[in-house]
> 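This is the structure I have questions about; it appears just below.
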Amino acid sequence: MAIQLNPKYANAYHNRGASYATIGQFDKAIEDYGEAIRFHPGSTSTFNNRAIAYEEIEKFDKAIADYDQVIRITPKDADGYVDRGYAYFTKGSYKEAASDFEKAVQLIPNNARALAYLAWIKATCPEASLRNGKEAIRISIKACELSKWKEPGDNLRACGRLCRDW
């Protein structure tokens, strides 16, 4: 109804896209997020949500392109780098993933989520040149200390695994 009343209302497209994503209709979600971006191209939350929808259907290059836009709009926000790093890792681009996780930690040294993923890649990366067990332990302990040794959700799941294992 909101779109019928105002076909250029970016928030209506964003919200409908979020509803579609919630029920697993990612193609429709992506379409609505695209319309929201057309009417409000500075919305990092819409680029971020569309990137997540692209990840769900394994279109990692498109997800990474949307995370690039998030980073372009908010270059000092560590979350954009963490999210893009995770997309790179899932795609198999391990060096790019490690670089993004490191950049996130540079931006916010006490970001438990960024530290957890950096530790995770250093501990488990399929590319041996990126693994460093001692560094992974040091970083994971810092992340676990920041989270008070709890797993509040997926964001720190890597931290929890590493801290329990070591």
Side-chain angles (χ1 to χ4, degrees), residues 10-11 14 17-18 21-22 26 29-30 33 36-37 40-166:
N11 285 344
H14 176 101
T22 298
F26 299 110
I30 289 165
Y33 290 139
I37 289 166
H40 184 49
S43 173
T44 58
S45 63
T46 305
F47 276 112
N48 191 70
N49 285 4
R50 188 171 72 174
I52 292 167
Y54 278 131
E55 287 178 293
E56 290 291 335
I57 59 173
E58 298 184 1
K59 291 187 177 181
F60 299 111
D61 288 331
K62 289 186 176 194
I64 290 165
D66 277 353
Y67 289 131
D68 288 344
Q69 292 302 314
V70 171
I71 292 166
R72 182 187 60 75
I73 295 165
T74 56
K76 296 192 184 302
D77 182 4
D79 288 334
Y81 290 96
V82 174
D83 294 337
R84 186 176 69 181
Y86 189 80
Y88 274 131
F89 187 89
T90 305
K91 178 185 171 188
S93 298
Y94 305 120
K95 286 182 183 175
E96 291 86 350
S99 177
D100 274 355
F101 296 147
E102 288 170 358
K103 178 67 175 179
V105 171
Q106 286 174 355
L107 288 170
I108 304 176
N110 288 331
N111 182 318
R113 181 173 174 243
L115 288 163
Y117 281 114
L118 181 58
W120 170 58
I121 201 167
K122 288 184 176 288
T124 66
C125 187
E127 194 169 312
S129 66
L130 297 174
R131 287 195 306 264
N132 182 331
K134 287 182 182 182
E135 190 70 5
I137 292 169
R138 183 189 68 75
I139 295 168
S140 68
I141 288 172
K142 182 176 180 181
C144 291
E145 288 171 348
L146 288 168
S147 71
K148 297 184 178 25
W149 297 85
K150 296 183 182 189
E151 280 188 70
D154 290 339
N155 293 343
L156 291 175
R157 187 154 290 142
C159 169
R161 270 197 302 262
L162 285 171
C163 293
R164 278 194 309 275
D165 293 344
W166 296 100

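Everything numeric here is computed off the predicted structure, so don't read it as measured data.
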> Got a sec, which residues hit side-chain contact (heavy atoms from CB on, under 4.5 Å) with Ile37, two or more places apart in sequence or on another chain?
Thr46, Phe47, Arg50

> So, using side-chain contact (heavy atoms from CB on, under 4.5 Å) as the criterion, who are the partners of Ala78 when residues are at least two apart?
Ala104, Leu107, Ile108, Asn111

> How close do Leu115 and Ala143 get, heavy atom to heavy atom, and via which atoms?
CB-CB, 3.7 Å

> Who are the side-chain contact (heavy atoms from CB on, under 4.5 Å) partners of Glu96, not counting sequence neighbours?
Tyr88, Ser93

> Under the ring pair (Phe, Tyr, Trp, His ring centres under 6.0 Å) rule, collect the residues that match up with Tyr86, sequence neighbours excluded.
Tyr117, Trp120

> For Ala36 and Ala10, which heavy atoms make the closest approach, and how far apart are they?
CB-O, 3.4 Å

> Show the numbers, then the answer: is there a salt bridge (Lys or Arg N to Asp or Glu O under 4.0 Å) between Glu145 and Lys142?
CA-CA 5 Å; Glu145 288 171 348; Lys142 182 176 180 181; over 6 Å; no

> Specify the closest pair of heavy atoms between Gly85 and Asp100, including all atoms of both residues, with the distance to one decimal.
N-OD2, 3.5 Å

> Rounded to the nearest 0.5 Å, what separates atom CD1 in Ile141 from atom CG in Leu146?
12.0 Å

> Within this structure, what is the CD1-CG distance for the pair Ile137 and Asn132, rounded to the nearest 0.5 Å?
9.5 Å

> Which side chain to side chain donor-acceptor pair (under 3.5 Å) pairs, counting each pair once, include a residue from residues 56-65, with sequence neighbours left out?
Asp61-Lys91

> Hey, could you give me the CG/CD1 distance between Asn49 and Ile30, rounded to the nearest 0.5 Å?
11.0 Å

> Give me the atom names and distance for the closest heavy-atom approach of Arg131 to Ile121.
CG-O, 4.4 Å

> Taking all atoms of both residues into account, what is the closest heavy-atom pair of Ala29 and Ala21, and its distance?
CB-N, 3.7 Å

> Please list all pairs meeting side chain to side chain donor-acceptor pair (under 3.5 Å) that have one or both residues in residues 67-76, counting only residues at least two apart or in different chains.
Glu55-Tyr67, Asp68-Arg84, Gln69-Arg72

> Report yes or no: does Ser147 contribute a side-chain atom to a donor-acceptor pair with the main-chain N or O of Cys144 at less than 3.5 Å?
yes

> Are side-chain heavy atoms of His40 and Asn11 found at a separation under 4.5 Å?
no

> Looking at every heavy atom in both Val70 and Thr44, which two are closest together, and how far apart are they?
CG2-O, 3.7 Å

> To the closest 0.5 Å, what do you measure between CZ (Arg138) and NZ (Lys122)?
8.5 Å

> Once rounded to the nearest 0.5 Å, what's the spacing between atom CG of Leu130 and atom CZ of Phe89?
9.5 Å

> For the CG atom of Leu118 and the CD1 atom of Ile139, what is their distance to the nearest 0.5 Å?
4.0 Å

